[in-house]
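A short write-up of the structure that comes next.
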Amino acid sequence: MQFFDTHAHIGLTYDDPIEQLRVVQDAKQAGVTRIVSICNSLHDFTTVYDTLKTVAGVYHAVGVAPSEVNSPGRDWMRVVEDSLKLPNVVALGETGLDYYRKFGDKRSQIELFITQLEIANMFDVPVIIHNRDAGKDVLDILAERCPPAGAVLHCYSEDAKYAKKALDYNIYFSFAGNLTYRNARNLHETVLNIPLDRILIESEAPFMVPAEYRGKRNMPAYIPSTAGFLAEMLDMDLEELSVQLWKNSCRFFRLPE
């Protein structure tokens, strides 16, 4: 079996390049043979990309998260556009809206989000969406501006009703370790009410550790735990599910299977 971690903050898991390489190696030993590295800031993207750009099975997304709305970086649009031309950069993100932490103001967040959707459209790449307490605005914006290459609502946190609305667009749903929490009923209901071919899984490392590893720093190597829980929920054989999740991930990121 092989697994695809569609969202891991390797640079937040460890600062040290050697430790970052070890994270990837440990993941491969656990059957997680592809990882998309996510960075919140352009500085983090540059440092992690330089470390992992030649590592087989590691891909990258570049973008400006809502947490960086007040300081996206000098000439950030050009930096994002240039970075999207680099080898193994497969998506724009993460971007989106976060009204929970109140980064900047809503208008500034929305402008940053829309600008990046326009860049993704221009470069024909999928988008990785962050949504926290901003579900209505995120979906309203995607309804008008979702790039043809599609978007994924990463670390999905809404309910099944919301997901059914999002299905009208080219939107995927990625579930992290919090899917394994007993009180995550909204997530459990969602996975039972959306098409299997729209589901991805992610570690969201170093956050959202699966229940089996509670108390530890999350790692891409723990992805099989989330996949196993999902397989039980869907009453599927884990190997069969892993094949489907792999196909979904490769389709979304436009990678060969």
Side-chain angles (χ1 to χ4, degrees), residues 3-96 98 103 112-113 116 119-120 123 125-130 151-152 154-155 174 176-177 200-209 216-223 226 249-250 252-255:
F3 297 96
F4 195 136
D5 182 354
T6 62
H7 194 110
H9 295 274
I10 297 175
L12 295 180
T13 304
Y14 287 109
D15 291 331
D16 182 75
I18 294 175
E19 293 295 338
Q20 291 173 6
L21 291 167
R22 186 170 295 140
V23 166
V24 174
Q25 188 59 41
D26 288 347
K28 289 182 178 179
Q29 290 178 357
V32 184
T33 56
R34 283 183 177 175
I35 302 171
V36 175
S37 173
I38 310 292
C39 297
N40 283 14
S41 73
L42 296 181
H43 171 74
D44 291 343
F45 167 79
T46 300
T47 57
V48 175
Y49 182 82
D50 286 346
T51 299
L52 301 176
K53 63 185 177 182
T54 61
V55 178
V58 178
Y59 301 90
H60 303 267
V62 61
V64 180
S67 59
E68 309 301 305
V69 64
N70 289 328
S71 55
R74 184 178 178 182
D75 202 11
W76 70 268
M77 290 175 59
R78 179 191 59 79
V79 175
V80 170
E81 291 173 1
D82 288 347
S83 298
L84 286 170
K85 301 172 186 176
L86 295 172
N88 294 327
V89 176
V90 295
L92 189 150
E94 63 183 274
T95 182
D98 191 322
F103 300 113
L112 180 66
F113 182 27
Q116 291 183 89
I119 294 173
F123 281 82
V125 292
V127 180
I128 298 166
I129 307 295
H130 174 102
V152 57
H154 104 85
C155 194
S174 182
L200 309 179
I201 58 171
E202 62 179 88
S203 66
E204 173 70 323
F207 316 108
M208 296 295 177
V209 65
K216 296 184 178 181
R217 179 185 300 193
N218 196 13
M219 299 287 179
Y222 299 161
I223 276 280
T226 302
S249 303
C250 293
F252 180 75
F253 290 110
R254 298 176 170 181
L255 295 170

**Report entry** Test log, rule side-chain contact (heavy atoms from CB on, under 4.5 Å), inputs Val152 and Phe252
**Finding:** CA-CA 8 Å; Val152 57; Phe252 180 75; 3.7 Å; yes
Query raised in the report: What do the steps show when you test His43 against Thr47 for side-chain contact (heavy atoms from CB on, under 4.5 Å), and what is the final call?
Result: CA-CA 6 Å; His43 171 74; Thr47 57; 4.0 Å; yes
Requested in this report: Would you please test Leu52 and Leu21 for side-chain contact (heavy atoms from CB on, under 4.5 Å) and show each step?
Outcome: CA-CA 7 Å; Leu52 301 176; Leu21 291 167; 3.6 Å; yes
Query raised in the report: Hey, mind stepping through Ser203 and Asn218 against side chain to side chain donor-acceptor pair (under 3.5 Å) and telling me if it holds?
Result: CA-CA 7 Å; Ser203 66; Asn218 196 13; 4.9 Å; no
Requested in this report: Show your reasoning for whether side-chain contact (heavy atoms from CB on, under 4.5 Å) applies to Tyr222 and Val209.
Outcome: CA-CA 8 Å; Tyr222 299 161; Val209 65; 4.0 Å; yes
Requested in this report: Applying side chain to side chain donor-acceptor pair (under 3.5 Å), run through Ser174 and Glu202 and close with a yes or a no.
Outcome: CA-CA 6 Å; Ser174 182; Glu202 62 179 88; 2.7 Å; yes
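The side-chain heavy atoms of Trp76 and Leu42, taken from C-beta on, include a pair separated by under 4.5 Å. Looking at Ser83 and Phe45, their side chains come closer than 4.5 Å, going by heavy atoms from C-beta outward. Two residues are said to be in side-chain contact when any heavy atoms from C-beta on lie closer than 4.5 Å; Cys250 and Arg34 meet this criterion. At least one side-chain heavy atom of Leu84 sits less than 4.5 Å from a side-chain heavy atom of Val125. The shortest side-chain heavy-atom distance between His7 and Glu94 falls under the 4.5 Å cut-off. Side-chain contact between Phe4 and Val32 is absent, with no heavy-atom pair separated by less than 4.5 Å. Within the 4.5 Å cutoff, the side chain of Phe3 has no heavy atoms near those of the Thr33 side chain. Using a 4.5 Å cut-off on side-chain heavy atoms (C-beta onward), Arg254 and Val90 make no contact.
In this structure, Arg217 is not positioned above the aromatic face of Phe207 in the sense of NZ or CZ being under 6.0 Å from the six-membered ring centre and within 45° of the axis.
For Asp75, the CG atom is densely surrounded, since the number of other residues' heavy atoms within 6.0 Å is greater than 12.
Residues Val36 and His60 approach most closely at CG1-C, 4.3 Å, considering heavy atoms. Taking every heavy atom of both residues into account, Thr6 and Ser249 meet most closely at CG2-OG, 3.5 Å. The two residues Thr13 and Met219 have their closest heavy-atom pair at CG2-SD, 3.7 Å. Scanning all heavy atoms of the two residues, the minimum distance from Gly63 to Val80 falls at CA-CG2, 4.5 Å. In plain terms, the two heavy atoms of Pro66 and Phe103 that are nearest each other are O-CB, 3.4 Å. Across Thr95 and Leu112, no two heavy atoms sit closer than the pair OG1-O, 4.4 Å.
A distance of 9.0 Å separates CD1 in Ile38 from CD1 in Ile10, rounded to the nearest 0.5 Å. Taking SG of Cys155 as the reference point, atom CD1 of Ile129 lies at 14.0 Å (rounded to 0.5 Å). The distance from the CD atom of Glu204 to the OG1 atom of Thr226 is 11.5 Å, given to the nearest 0.5 Å. Annotation: the span from Asp5 atom CG to Ile201 atom CD1 amounts to 7.5 Å, rounded to 0.5 Å.
Below 30°, between 30° and 60°, or above 60°: for His9 and His154 the angle between ring planes is above 60°, a perpendicular geometry.
Judged by distance alone, the side chain of Gln116 and the main-chain N or O of Val64 form a donor-acceptor pair under 3.5 Å.
In summary, Glu81 and Arg78 do not engage in a salt bridge, as defined by a charged side-chain N under 4.0 Å from a carboxylate O.
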